[in-house]
Asker: 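So that we are looking at the same thing, I have put the structure below in C-alpha cells.
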Amino acid sequence: MAAKPGAATPTYSPKLVGRTRLPILKDSDLDWSRPDGRGFHQCRPALLQTGAVSSASGSAYAEFGNTKVIVSVFGPRESKKAMVFSDVGRLNCNVSYTTFASPTIGQGTDHKEYSSMLHKALEGVIMMETFPKTTVDVFALVLESGGSDLSVVISCASLALADAGIMMYDLITAVSVSCIGKSLMIDPVTEEEGCEDGSFMMTCMPSRYEITQLTLTGEWTTPNINEAMQLCLDACSKLGEIMRDCLKQAASASEE
Amino acid sequence: MGLSLGEQHFIKGGIAQDLRTDGRKRLTYRPIYVETGVIPQANGSARVRIGGTDVIASVKAEIGRPSSLQPDKGKVAVFIDCSPTAEPTFGGRGGEELSSELALALQRCLLGGKSGAGAGINLSSLLIKEGKVCWDLYIDGLVISSDGNLLDALGAAIKAALTNTAIPKVNVSAEVADDEQPEIDISDEEYLQFDTSSVPVIVTLTKVGTHYIVDATAEEESQMSSAVSISVNRTGHICGLTKRGGSGLDPSVILDMISVAKHVTETLMSKLDSEISAAEACEDES
C-alpha cells in the first residue's frame with residue numbers, strides 16, 4: 001500500500017524523564033542489540049490508514065514495521081433471528097492469520113485466544129447501548145506477523161471502529177513490552193518475543209488515562225512492572241495522537 | 001444473578017464498610033478444603049472447595065514428541081471444563097467462553113515467559129531425550145459447583161494436583177540413529193515426585209465501588225466493575241497478571257492491587273501449603 005503523498009511516517013518514542021539507561025546485558029558478555037537497530041524504548045514507525053476496505057462500514061490498515069494488519073468493521077447489522085433480544089448491542093470479533101503471515105505455514109492456535117482478547121479489549125470502550133438489537137462485527141486479518149501482533153490488531157480495530165462511526169468512550173491503543181534479562185524493550189519484534197523472559201501488554205484509553213486490559217507473563221518485580229507501565233502509558237498516548245491525526249486527515253480528505 | 005436494588009446496595013455498602021454479607025473482612029478467604037488423590041487413574045489429582053466453589057484438577061502425563069521450535073522442553077496443556085452441574089448456562093457451548101478464558105489465564109500463570117523464565121512448571125524437567133521424547137502434561141480442570149472465584153480455586157487445585165503428581169521413571173534403552181525413535185522403558189515401580197516449589201498461587205482482587213475484595217462470591221462478582229487476577233510465586237515476584245472485566249482502571253489502582261495481592265499471597269500460600277500437606281498425609285494413611 002503506498003503511503004499518501006506528503007504524509008511522513010510518524011515515530012513515537014516514549015521518554016523516561018531524567019534517566020538514561022545503559023542496556024543491561026543478559027548473559028554478561030552479550031550485548032542485546034535490537035534486530036532493526038532501534039533503541040530499547042523506541043517504537044516502530046507507525047503507518048495508519050482508514051478506508052482500506054470500501055465495502056465495509058469502516059476499516060483500517062496498520063503497518064508497524066513488519067507487522068501488517070487490516071481490520072474491517074461491519075455494522076451495526078441486524079442480529080440473527082435465533083439470538084435472544086438484547087437491549088444492548090452485541091460485539092463479534094474474529095482475528096485470523098493469513099497462511100503466509102509467518103515464516104512457518106499455519107499459525108493455528110492463536111486465533112481463538114486473540115479473538116477473545118480483542119473482544120475483551122473492545123467491549124469496555126464501545127457504547128453498546130447506542131445500538132440495541134444489532135450486532136457489530138469486527139474482522140481482523142494479520143497479513144504479516146512481525147511481532148506485537150495483538151497490540152497492533154487492537155489499535156487498528158479501534159481506528160476501524162472510529163472510521164465506521166460506532167460510538168466509543170475513547171480510542172484505545174495497545175502497546176506491548178518485552179523483558180529480556182533485566183532490560184525492557186518496547187514493541188518487540190518476533191525474534192525478541194521468541195526469547196523473552198516476560199511479556200507485558202497493555203491496552204488503555206489515552207484521554208481518560210485508564211487501563212482497560214493488562215496481561216503479563218513471565219516473572220516480574222514490582223519496579224519492573226512500574227517502569228513497563230510508564231513506558232506503555234507514554235507510548236499509548238503518543239500512538240493515540242497519531243491515530244487522531246490519521247482520522248482528521250481522512251475526514252478533511254473526504255470533505256475536499 | 002437476580003439481585004434486587006436493595007440487595008445490591010447492601011452488598012456494596014457492606015464492602016465499603018469492611019463487612020461482607022457472610023461476615024468476612026475484605027481480604028479474608030473462605031475456608032479452603034483440599035483433598036488429593038481423588039482420581040486414581042490420573043498421575044495426580046486434587047479437589048479443592050472454597051466455600052460453595054468446588055473444582056477438581058487432574059494431571060495426566062503421556063509420552064510425546066517435543067515441538068520442533070523447542071526441542072529441549074516438554075509440553076503442558078491446560079484445559080478447563082465448566083460442567084453444567086455448576087450452572088445450567090454452562091451446558092452445550094455456553095461455558096466455552098468462560099472455560100477458554102480460565103484456561104488462558106492459568107496457562108499464562110503456570111508457563112511463564114517464552115524462554116521459560118518465571119515458569120511454575122520447569123519444562124526442561126519433562127524432557128527425556130532431546131528432540132525425540134518428552135512428557136506431555138495434560139492438566140484438566142473441572143468446575144463442579146460455582147460460587148465465585150473460580151480462578152483462585154482452579155489455581156489452588158492445580159497446585160495441589162501437581163504436588164500429588166508422580167511421573168514414572170523412564171529408561172531410554174538403546175542408542176539409535178538420529179532419525180529413529182529410541183526405545184523407552186517406562187518403569188512401573190519407580191516414580192518421581194513433581195517439584196512444585198515454584199508453582200504460584202493466584203489471587204483475584206475484585207473491585208466493587210472503590211474497594212477491593214478477595215475471594216468474591218457469585219453475588220459479589222455480579223456487582224464488580226473489574227477484577228485483576230495476580231499470580232505471585234514464593235519469591236514474591238509476579239508471575240502472571242490478567243485484568244478481567246470491561247471497565248477501565250487507573251494505573252495507580254493496578255499498582256496498589258499488586259501490592260495488596262502480594263500481601264494476601266503470603267497468608268494464602270502458607271495456608272494452601274499446610275492444607276496440601278495435610279491432604280497428602282491423609283491420603284498416605286488410607
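Fair warning: this is a prediction, and the values are worked out from it, not measured in the lab. Chain A is the first sequence line, chain B the second, and so forth, proteins listed ahead of strands; every chain is numbered from 1.
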Asker: Non-hydrogen atoms of chain A under 4.5 Å away: do they reach the side chain of Leu104(B), the backbone, both or neither?
Answerer: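 Contact with chain A is through the side chain of Leu104(B) alone.
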Asker: If you count every heavy atom of other residues, nucleotides or ligands that lies below 6.0 Å from Met167(A) atom CE, does the total exceed 12?
Answerer: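 No - once you tally the heavy atoms of other residues, nucleotides and ligands closer than 6.0 Å, there are 12 at most.
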Asker: For the residue pair Tyr114(A) and Val153(A), establish whether any side-chain heavy-atom pair is separated by less than 4.5 Å.
Answerer: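 Not touching, per the 4.5 Å side-chain cut-off.
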Asker: Could you tell me which portion of Leu122(A) (side chain, backbone, both or neither) has an atom closer than 4.5 angstrom to a non-hydrogen atom of chain B?
Answerer: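 Neither part, no heavy atoms under 4.5 Å.
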Asker: Does any N or O in the side chain of Gln8(B) come within less than 3.5 Å of the main-chain N or O of Leu3(B), such that one atom is a donor and the other an acceptor?
Answerer: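 Yes; at least one donor-acceptor contact below 3.5 Å.
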Asker: Donor-acceptor pair, Glu221(B) side chain versus Asn149(B) backbone, under 3.5 Å?
Answerer: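 Looks like yes, one N/O pair under 3.5 Å.
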Asker: Sort Met117(A) into side chain, backbone, both or neither according to what part of it lies under 4.5 angstrom from a heavy atom of chain B.
Answerer: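 The answer is the side chain of Met117(A).
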Asker: Counting only heavy atoms from other residues, nucleotides and ligands, does the tally under 6.0 Å from NE2 of His211(B) exceed 12?
Answerer: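 Enclosed: over 12 neighbouring heavy atoms sit under 6.0 Å from NE2 of His211(B).
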Asker: Does any heavy atom of chain A fall under 4.5 Å from the side chain of Ser100(B), the backbone, both, or neither of them?
Answerer: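 Interface part for Ser100(B): neither.
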Asker: Select one option (side chain, backbone, both, neither) describing which atoms of Ile254(B) are under 4.5 Å from chain A's heavy atoms.
Answerer: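 Just its side chain gets close to chain A.
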Asker: Tell me, side chain or backbone of Ser199(A) under 4.5 Å from chain B's heavy atoms, or both, or neither?
Answerer: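 Contact with chain B involves no heavy atom of Ser199(A) at all.
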Asker: Using the ring of each side chain (for Trp, its six-membered ring), is Phe200(A) parallel, tilted or perpendicular to Trp220(A), with breaks at 30° and 60°?
Answerer: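 Ring orientation, 0 to 90° scale: tilted.
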Asker: Under a 4.5 Å heavy-atom cut-off, does chain A meet the side chain of Thr235(B), its backbone, both or neither?
Answerer: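 Only the side chain of Thr235(B) comes within 4.5 Å of chain A.
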